[in-house]
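Can you keep this structure in mind? I'll have questions shortly.
A quick note: this is a predicted structure, and the numbers were derived from the prediction, not measured.
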Amino acid sequence: MGVPGPFPGSPGRPDAPAPDREEVDRALERLGAEYEAIETSLLALQDHAGRRLLEGAELSGTTKERWAEAERSITVLWSLFDAYTAALESARELRERRRWPSAEDLAELTELLHGEGVTVPTTDADAETAGGDPEDGQARPGERFSLEGLVTRMNGLYARSLDVIVAADSVWSALPARIDLLSAELQRTRSLAHSVGVRPGEHPAGDDLERITEELSRLRARVIADPLAFWVSSSTGSSAPGGGRPDTGRYDRAARALEDIRREVAAVLDVRQDAERRLMQLRDVLSRADRTLTEARQARGEVLAKIAASEVPAVSGPSTALHEQLAAAADYRRRAQWHRLSPLLDSLEERAEDELHRARESLTAVTAPLAVRAELRGRLDAYRAKAARHGVAEDPLLTERYDIARRMLWSAPCDLRAAEQAVWRYQQAAAEALVPLQREGREES
């Protein structure tokens, strides 16, 4: 996510007041460009996705405290920007009074642009951000700033506010999604562990699974409510907003613990590895057969709608008996009834391959008319192109026969027998039209 950058460099105080109109105009132009850059940065800060998330979240801990400070800083920022805007507008109005400003005008402009003539009322938010210790929220005697000092003050507030927003947004962008993925993996591991008897109270790994589940739930809730508790500032001392990285220590420990459990479950599975592998292969074969039959049924509907005068074989549904026997085999494995499982697997493997072969043959059979139509279309276009290369494509007879064949092939439902005859008639007419040209070519040679 793009992050708005800091304000541009503040204007330097010249060695001497601007002595003439040109220098005043250049200063106003520079301040105008700076004003636009500051406004752009403030609006980007206002619209930052991380800021919107912070405003809508139920925060706690460090994040709640720092976001409250940042909100006060943002309020002060806008008040300082308003004062900056008013001072710049006053300078512009004074400059626009005369084309050739008087010495008094130039002196006043110099004071506006470079003197400490900008007064800003100090409120609770401003004083707290600046390190004060106010007792109430009433405005205090205003501080006076030069435009340079005003920009420096805004830069500091902006950087601190942006740092909170970027850090929280970075944690929210990194950790919750990773925790969710790990939780999904945990659920898959738990399901697999339960299937081999690794359950809480029955196996130490089952107890560990429950502990990790609770840890991930607590971790996610804490990350959502207090993301800054999981932010590690940059060790390089960088002052750039967002300088640092999310702290993934608790997540990493949970991930390592889950990996240990996966290895433990794998050790249990090694005992029954061959049976489980064969069951998985059977499920895959039957799944592919079912998907192929579904595709064949859909293709049959398309063929019946697009092709006429063509016999399309019916497509049967998936084999219920095979799926029932596969479920029985899985039950045998769960009950460790290996003497019953082994012969059933031998039978199922052979019959599952036959089922897949049957499904593929059904798909080929029902899509054959579409393949024939595609071949006829390609043949018609090929002869049309050949006739065009020899300059006879516009022959009235060829044009008539081409249009007839094309209408048949590109209409629904398409009569394949009639279309094949139409393509053959166009092919014959094209061949007859090319005979005189071939004879002339032999005579010339």
### Message
Filter on salt bridge (charged side-chain N to carboxylate O under 4.0 Å, His left out), then keep only pairs touching residues 363-375, sequence neighbours left out; what's left?
### Response
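Of all non-adjacent pairs touching residues 363-375, those that pass salt bridge (charged side-chain N to carboxylate O under 4.0 Å, His left out) are E375-R379.
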### Task
Please work out whether the ring planes of F81 and W78 are parallel, tilted or perpendicular, with thresholds of 30° and 60°.
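If you compare the ring of F81 with that of W78, the planes turn out perpendicular.
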### Message
Under a 3.5 Å distance rule, please check whether R300 uses its side chain to pair with a backbone N or O of V366 as donor and acceptor.
### Response
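Side chain of R300 to backbone of V366: no pair is present.
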### Query
How long is the gap from CD1 on I224 to CD1 on I179, to the nearest 0.5 Å?
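Rounded to the nearest 0.5 Å, the CD1-CD1 separation comes out at 7.5 Å.
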### Task
Go through R358 and L293 one step at a time and tell me if the side-chain contact (heavy atoms from CB on, under 4.5 Å) criterion holds.
CA-CA 9 Å; R358 180 181 69 84; L293 287 173; 3.8 Å; yes
### Gap between atom CG of L162 and atom OG of S73 - 0.5 Å precision
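If I round to the nearest 0.5 Å, the distance is 12.0 Å.
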### Message
Using only atom types and a distance under 3.5 Å, with no angle test, would you say the side chain of D207 pairs donor to acceptor with the backbone of G201?
### Response
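Pair found, side chain donor or acceptor close to backbone of G201.
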### R297-T294 side chain donor-acceptor pair, cut-off 3.5 Å
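A donor-acceptor contact under 3.5 Å links the two side chains.
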### Message
Enumerate the side chain to side chain donor-acceptor pair (under 3.5 Å) contacts for residues 320-330, please, sequence neighbours excluded, ordered by first and then second residue.
### Response
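Residue pairs with at least one partner in residues 320-330: D290-H323, Q325-R351.
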### Query
Short question: side chain of T248, backbone of Y251 - any donor-acceptor pair under 3.5 Å?
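A pair under 3.5 Å: no.
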### Query
Does a donor on one side chain sit under 3.5 Å from an acceptor on the other, for E353 and H357?
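H357 and E353 do not have a side-chain donor-acceptor pair below 3.5 Å.
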### Query
Out of curiosity, L80 CG to N155 CG, how far, rounded to the nearest 0.5 Å?
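If I round to the nearest 0.5 Å, the distance is 11.0 Å.
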### Query
Rounded to the nearest 0.5 Å, how far apart are CZ of R52 and CG of D169?
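These two atoms lie 9.5 Å from each other.
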### Gap separating the CZ atom of R263 from the CG atom of L258, nearest 0.5 angstrom
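Reported to 0.5 Å precision, the distance equals 10.0 Å.
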#### Entry: Row check, W410 ring normal vs R377 NZ/CZ: under 6.0 Å, within 45°
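Here R377 passes the 6.0 Å and 45° test against W410.
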### Task
Would you give the length of the straight line joining atom OG of S411 to atom CZ of R406, rounded to the nearest 0.5 angstrom?
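The OG atom of S411 sits 11.0 Å away from the CZ atom of R406.
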### Query
Under 3.5 Å, is there a donor-acceptor pair between the side chain of S173 and the main chain of S170?
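It does not hold such a pair.
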### Query
Do you see a donor-acceptor pair shorter than 3.5 Å between the side chains of D226 and T63?
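A pair is found: one side chain offers a donor N or O, the other an acceptor, under 3.5 Å apart.
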### Query
For E58, does the CD atom sit with more than 12 other heavy atoms under 6.0 Å from it, leaving out its own atoms?
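It does not: E58 CD has 12 such atoms or fewer within range.
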### Message
Do L219 and F230 have side chains that approach each other closer than 4.5 Å (heavy atoms only, starting at C-beta)?
### Response
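Counting from C-beta outward, L219 and F230 do come under 4.5 Å.
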### Nearest non-hydrogen partners of E264 and A205, listed with the distance
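E264 and A205 have their closest heavy atoms at CG-CB, 3.8 Å.
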### Query
Of all residues at least two apart in sequence or in a different chain, which pass the ring pair (Phe, Tyr, Trp, His ring centres under 6.0 Å) check with Y402?
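If we apply the ring pair (Phe, Tyr, Trp, His ring centres under 6.0 Å) test to Y402, skipping adjacent residues, the hits are Y426.
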### Query
Do you see a donor-acceptor pair shorter than 3.5 Å between the side chains of R360 and T364?
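Short answer, no.
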